[in-house]
Structures are given as structure tokens and as C-alpha cells.
Amino acid sequence: QPYPTSGYAIFVAEVASTVNEILLTKYLLKTVTDKKLKKYIDEARYQHTLGVMYTAAALAMCYGADLEQAQVAGLLHDCAKCIPNDKKLKLCKQHNIQVSETEAAAPYLLHAPLGAYIAKAKYDIEDPEILSAITWHTTGKPEMTLLEKIIFISDYIEPMRNKAEHLPQIRQMAFHDLDMAVYMTLHDTILYLEKEKARLDNQSVVAYNYYKNFFQFVLLVVKLYDIL
């Protein structure tokens, strides 16, 4: 893992510098500055998007994931976020995107699967790993791929985020144990939504239980190993 003891902000800044030279010339100038993407994200969302892209690049370097996949997925993960909720529902119906009962009641959740559709239809993204990472970046799911975990975590810890209770600890954990960071993020997200009496997508609960059971199993194996 590169720079294992450096500060998160310094690491991300160094990655951002590299991204500016590589990605901004290859991809950003072609898409983000294009009016098509500006149609779907406002200025605040644009800045968040860049933060997620830079953070995803940092995590990709840390864990040996494909750098360009991480950057593109981070760049487009919220491309449907600013579409009005009623239009989200209309577009999902129009393009045969399955809508759960929870999503029908809270259409803002649809920005993830709808974003995957837009990434493919409007920005010619055919890579199924990128599209899947966009689809699951909000709720998570059991057995996420490395790229899916990177985008899920990057969305939560990018530099502009500042409200989550255990954000500093999760940021640190993300560069040491990605699975544990996923578990911590799901745990805190569910507690927060329950506290706020907000609608909770069952997929997040399923994902949380998977990673909770995963770490319980790991702990059991460690204990058995110590006994033997």
C-alpha cells in the first residue's frame, strides 16, 4: 500500500495531481465539461463528484484496482442524482428499470440504478464492472467486488463529507481494511437512518448483515486457530 502512514488529505491531493494529468485530458474534458453532464448535476454535486473520483483513485492505487475504472465510476456515480424524483420514476418505467417498494416511496434512491443506465446510454460506458459499481454505490450489497467497495466507500468518505459521526475513523480504516470500512459505513448509515426515522432500503440491511456475519466468521476462525 503506497504511503500507508501519510495523511489522507495529502494522499488524495497527490492522487488528484496525477488524475489531472491523466484523466482530465482523456475523459473529463470530453464529458464533465460537456453540457450533457452539467444537465444532470449542479455545482455542489459536481464538486462532490470530483471528490469521489479522486478518493476512488486513491483507493484503487492502495488496493491494486484498475485506476481508470475507479475514476470513471467515481466520475459518473451521481449522474442521475439531480433529476427530479418524479422524472426518476418516469425514466425507470420508460427504460424498464426495476423499482422496489422502498424506492417507489423514496425515489431519490433510484439515482444509483438510473445513473448506471445514463452512464451507458449517454456516456457510452459498456464496462459491466463500472455500471455495477454505480448501481450499488448507495445501498451496497453482499459480496461486493473490489470496484464496488471502492465507489461505495469513496462516496462516503470523500473530502467534502463532514457530518458522519465516525468519519475520521472510517477514512483511516478505508486505507487499511476495505471490508471493515464497508461494515462500519453500513453500520453507521443504518443507525443514522433509524435515528432520523428515515426510510431504510432493505438492500442496505442485507448488505450489513452479510459483512457483520463475515467478520463474526473471521473472528471465530481466529479463535479456533489460537486454540489449535
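We find the CG-CE distance between Leu67 and Met61 to be 5.0 Å, quoted to the nearest 0.5 Å. Atoms OH and CG, on Tyr117 and Leu110 in that order, are 14.5 Å from each other to the nearest 0.5 Å. Note that the CD1 atom of Ile130 and the OH atom of Tyr123 stand 14.5 Å from one another [nearest 0.5 Å]. Here the straight-line distance linking atom CD1 of Ile118 with atom NE2 of His95 works out to 8.0 Å at 0.5 Å rounding. Interatomic distance, Cys79 SG to Leu114 CG, rounded to the nearest 0.5 Å: 7.5 Å. Note that CG of Leu75 is 9.5 Å distant from NE2 of His77, once rounded to the nearest 0.5 Å.
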Distance-only criterion, 3.5 Å: show the donor-acceptor pairs between side-chain atoms of residues 188-197 and protein atoms not counting sequence neighbours.
from, atom 1, to, atom 2, distance (Å)
Asp188, OD2, His166, ND1, 2.8
Thr189, OG1, Thr185, O, 2.7

Check: residues 132-139 side-chain donor-acceptor pairs under 3.5 Å, at least two apart:
from, atom 1, to, atom 2, distance (Å)
Ser132, OG, Glu148, OE2, 2.4
Thr135, OG1, Leu131, O, 2.9
His137, ND1, Ile134, O, 2.7
His137, NE2, Asp78, OD1, 3.2
His137, NE2, His111, NE2, 3.1
Thr138, OG1, His111, NE2, 3.4

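Pairing each heavy atom of Leu147 with each of Ala70, the nearest pair is CD1-CA, 3.6 Å. Across Ala80 and Lys88, no two heavy atoms sit closer than the pair O-CE, 3.4 Å. For Tyr208 against His187, the heavy-atom pair with the smallest separation is OH-CD2, 3.4 Å. The minimum heavy-atom distance linking Leu59 with Ala174 is given by the pair CD2-O, 3.5 Å. Closest non-hydrogen pair, Pro107 versus Leu89, comes out as CG-CD1, 3.8 Å. Taking both residues in full, the closest heavy atoms of Arg199 and Tyr108 are given as O-OH, 3.9 Å, listed atom of the first, atom of the second, then distance.
Looking at heavy atoms from C-beta onward, Pro84 lies out of side-chain contact with Lys90 at the 4.5 angstrom threshold. With contacts defined as side-chain heavy-atom distances shorter than 4.5 Å, the pair Met144/Phe152 qualifies. Under the 4.5 Å side-chain criterion, counting only non-hydrogen atoms from C-beta, Glu103 is not in contact with Gln98. Put simply, the side chain of Val206 reaches to within 4.5 Å of the side chain of Asn202, judged on heavy atoms.
Ile157 and Val52 are assigned to two separate hydrophobic clusters, defined by single-linkage of ILVMFWY side chains at heavy-atom distances under 4.5 Å. Hydrophobic clustering (side-chain heavy atoms under 4.5 Å, transitive across Ile, Leu, Val, Met, Phe, Trp, Tyr) groups Val205 together with Tyr183. Leu186 and Phe215 fall within a single hydrophobic cluster, where Ile, Leu, Val, Met, Phe, Trp and Tyr side chains are chained together by heavy-atom contacts under 4.5 Å. Residues Leu109 and Val99 fall into different hydrophobic clusters, defined by Ile, Leu, Val, Met, Phe, Trp and Tyr side chains chained together at heavy-atom separations under 4.5 Å.
Taking the six-membered ring for Trp and thresholds of 30 and 60 degrees, Tyr211 and Phe214 have ring planes more than 60 degrees apart, a perpendicular arrangement.
Of the possible polar contacts, none joining the Gln94 side chain to the Leu91 backbone as a donor-acceptor pair under 3.5 Å is found. Remark: the backbone N or O of Ser154 is not paired with any side-chain donor or acceptor of Thr55 at under 3.5 angstrom. No donor-acceptor pair closer than 3.5 Å links the side chain of Asp177 to the backbone N or O of Met173. A donor-acceptor pair is defined here as one N or O able to donate and one able to accept, closer than 3.5 Å; no such pair exists between the side chain of Arg45 and the backbone of Cys82.
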Kindly determine whether Arg161 and Arg171 satisfy side chain to side chain contact (heavy atoms under 4.5 Å, CB included), including the steps that lead there. CA-CA 11 Å; Arg161 299 290 199 192; Arg171 279 176 171 154; 4.0 Å; yes
Set out, in order, the CA-CA distance, both residues' side-chain angles and the distance that settles side chain to side chain contact (heavy atoms under 4.5 Å, CB included) for Glu68 and Val72, then state yes or no. CA-CA 6 Å; Glu68 187 168 337; Val72 173; 4.2 Å; yes
With side chain to side chain contact (heavy atoms under 4.5 Å, CB included) as the criterion, how do Tyr54 and Glu158 come out once you've worked through the C-alpha distance, each side chain's angles and the decisive distance to 0.1 Å? CA-CA 8 Å; Tyr54 296 149; Glu158 62 96 356; over 6 Å; no
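Environment of CD in Gln172: sparse, with no more than 12 heavy atoms of neighbouring residues, nucleotides or ligands closer than 6.0 Å. Other residues, nucleotides and ligands contribute at most 12 non-hydrogen atoms within 6.0 Å of the NZ atom of Lys120.
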